[in-house]
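None of the values given here were measured: they were computed from a predicted structure. In this chain, residues are counted from 1 in sequence order. Indexing begins at 1, ligand by ligand and atom by atom, following the structure's order.
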Amino acid sequence: MELTFLGAAQEVTGSSYLLESDNAKLLIDFGMFQGKEEDWNYQPLDIKAKEVNALLLTHAHLDHSGRIPVLVKNGFRGPIFATPPTIELTKLLWEDTVKLMKEEKERLDRKRRRQDKPPVELLFDEDDINEASKLFVPLPWNQTERFKEFQFTFRPSGHILGASSIEVNAENIKLVFSGDLGPQDTVLEPPPYIFEYADYVVIESTYGDRQHKDIRETRAEFKNALSAAIRDRSKVLIPTFVVDRAQRIIYELYLLLTQEMPELATMPMFFDSPLGNKITAVYSSYPEYLLPHLAEFFQGMDQEKLGIQYIDTPEQSKKLNNLDHALIMAGSGMCTGGRILHHLKHGLWNPKNHLIFVGYQAAGTLGRSIVDGARNVKIMGEDIAVRAQIHTINGFSSHADAKDLLSWAKNFQPDTTFLITHGEPRPAKSLAVSLGNMGYHSVIPARRQSVTLRPRKERIAIPPPEAYTIGQKIDNFVAKYPHKRKLVERVLTALLESLEDSEA
Ligand SMILES: [Zn+2]
Ligand SMILES: [Zn+2]
């Protein structure tokens with residue numbers, strides 16, 4: 001059996017692995033490349049979509065699900081197995097992606113018309129997501145399904161609603177794909193499932209070199225910022241990712257209100273995100289995918305007690321600009337777009353207001369420049385002074401940190417081989433070193449590397465990425481720097497010609 005790493009190899013985004021037996025091809029995830037690798041989404045696919053027989057989807061996040069419509073556009077028609085909440089969340093995120101891509105296209109096309117250039121092509125559209133949605137086959141946790149010679153089971157991974165690790169059995173080999181793992185002490189979802197046996201484990205390494213802040217410290221920081229805003233009767237703005245982080249913040253607010261901060265009831269609270277509201281509704285519909293007390297919370301009563309108002313229309317959203325004292329959560333999480341921009345424009349200048357970051361801020365985003373201390377920023381074409389009090393609270397993460405990854409990994413038997421993915425080179429290496437200290441063999445595969453999997457008895461060592469054929473190295477280089485393709489071709493052709501001449 002062969003396993004090929006199509007993405008999330010020495011990088012975080014673009015998760016996708018191809019598992020090939022003699023008779024079938026199975027994909028695990030088909031995610032989007034994001035951030036600096038975004039252009040890769042538009043490259044021709046590394047696989048023939050029509051030849052793929054089925055797809056297993058670990059969870060809804062776009063870096064795992066975002067290119068499935070592209071696969072379908074290219075002819076994939078096999079079943080897509082996923083847990084029921086993953087199916088619902090994925091559809092919502094696809095719809096939102098098409099909406100955002102269309103807005104971006106409109107903006108770019110206006111510019112391109114003036115430059116006499118053809119309009120940009122959408123990565124996928126409504127038709128593609130409708131087609132893709134028809135292929136979903138719901139597979140709840142802990143039920144084993146069979147497809148051709150593959151047998152697979154989805155298990156809780158503790159990351160977001162419905163998120164799974166997947167075990168796959170075929171040809172006497174057992175593989176576990178970790179998917180994205182949550183912390184060991186999860187707050188909303190059941191903790192990651194403990195596996196004991198696998199021949200190979202594909203493990204994520206997002207935070208392979210980092211420890212999250214302690215939850216008590218995180219909660220104290222959050223509480224202090226809110227107390228100050230209540231005392232000053234000022235505004236609290238929380239840019240938030242709309243899947244899981246927003247629902248987590250809603251729950252954290254509820255804990256504060258009911259346990260230590262009854263005065264929170266005096267502050268009007270708003271969740272200003274139509275998409276976020278739909279996603280919260282999905283959380284309410286799948287109690288069996290949440291911890292029991294959370295299921296109760298999301299299903300009703302307690303949420304009402306919290307008194308958060310859910311904002312839908314742009315008109316309702318604009319009305320919030322006139323409020324001096326309120327808590328407003330809105331997307332996007334890194335302030336790269338969405339309704340949070342309006343709220344920042346109207347609130348960032350005021351030294352009494354508070355801006356609380358509850359998630360990762362990538363380099364190059366507005367969120368990051370504020371975290372890094374910018375005194376003035378440009379928001380929707382207007383110069384805005386940054387005078388509000390800025391808080392960065394990082395302990396509400398839905399990702400395992402280095403300690404969590406190791407305590408999940410340590411349950412596997414000593415002769416398990418780990419294939420480390422979904423992490424930048426530094427955290428991936430750091431996880432490899434820690435696994436090595438625990439006595440495990442591990443490899444950090446490169447993008448497009450194929451690994452031959454064998455049953456334990458016939459196992460041979462996997463060659464490190466350096467042992468690549470020269471052809472693969474050239475392919476990888478050109479994929480990374482497409483604008484240098486011509487140059488590479490010219491140089492190589494000249495080199496080969498001169499080598500041939502010297503032979504003649
Ligand atoms: Zn994820
Ligand atoms: Zn991910």
Return yes when at least one N/O/S atom of [X] is nearer than 2.8 Å to the Zn ion (ligand 1), and no when none is.
X      : value
Asp63  : no
His159 : yes
His59  : yes

Next item on the list: Please name the atom of His61, restricted to N, O or S, that is closest to the Zn ion (ligand 1).
Entry: ND1

Notebook entry, point to check: Taking the side chain as C-beta and beyond, is there a heavy-atom pair between Asp272 and Met329 under 4.5 Å?
Noted result: no

Checklist line | Trp40 six-ring face occupied by Arg447 cation (under 6.0 Å, within 45°) | finding: yes

Item checked: Phe396 six-ring centre to Arg248 NZ/CZ under 6.0 Å and within 45° of normal ->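 Geometry flag: not set, cation outside 6.0 Å or 45°.
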
Check: Rounded to 10°, how big is the angle at the Zn ion (ligand 2) from His422 NE2 to His64 NE2?
Finding: 100°

Note to self: Can you confirm whether or not the ring centre of Phe418 sits under 6.0 Å from the ring centre of His441?
What the structure shows: no

Checklist line | Separation between CZ of Phe5 and CG of Leu3, rounded to the nearest 0.5 Å | finding: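 These two atoms lie 4.0 Å from each other.
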
Next item on the list: Give the name of the N/O/S atom in Asp180 that lies closest to the Zn ion (ligand 2).
Entry: OD2

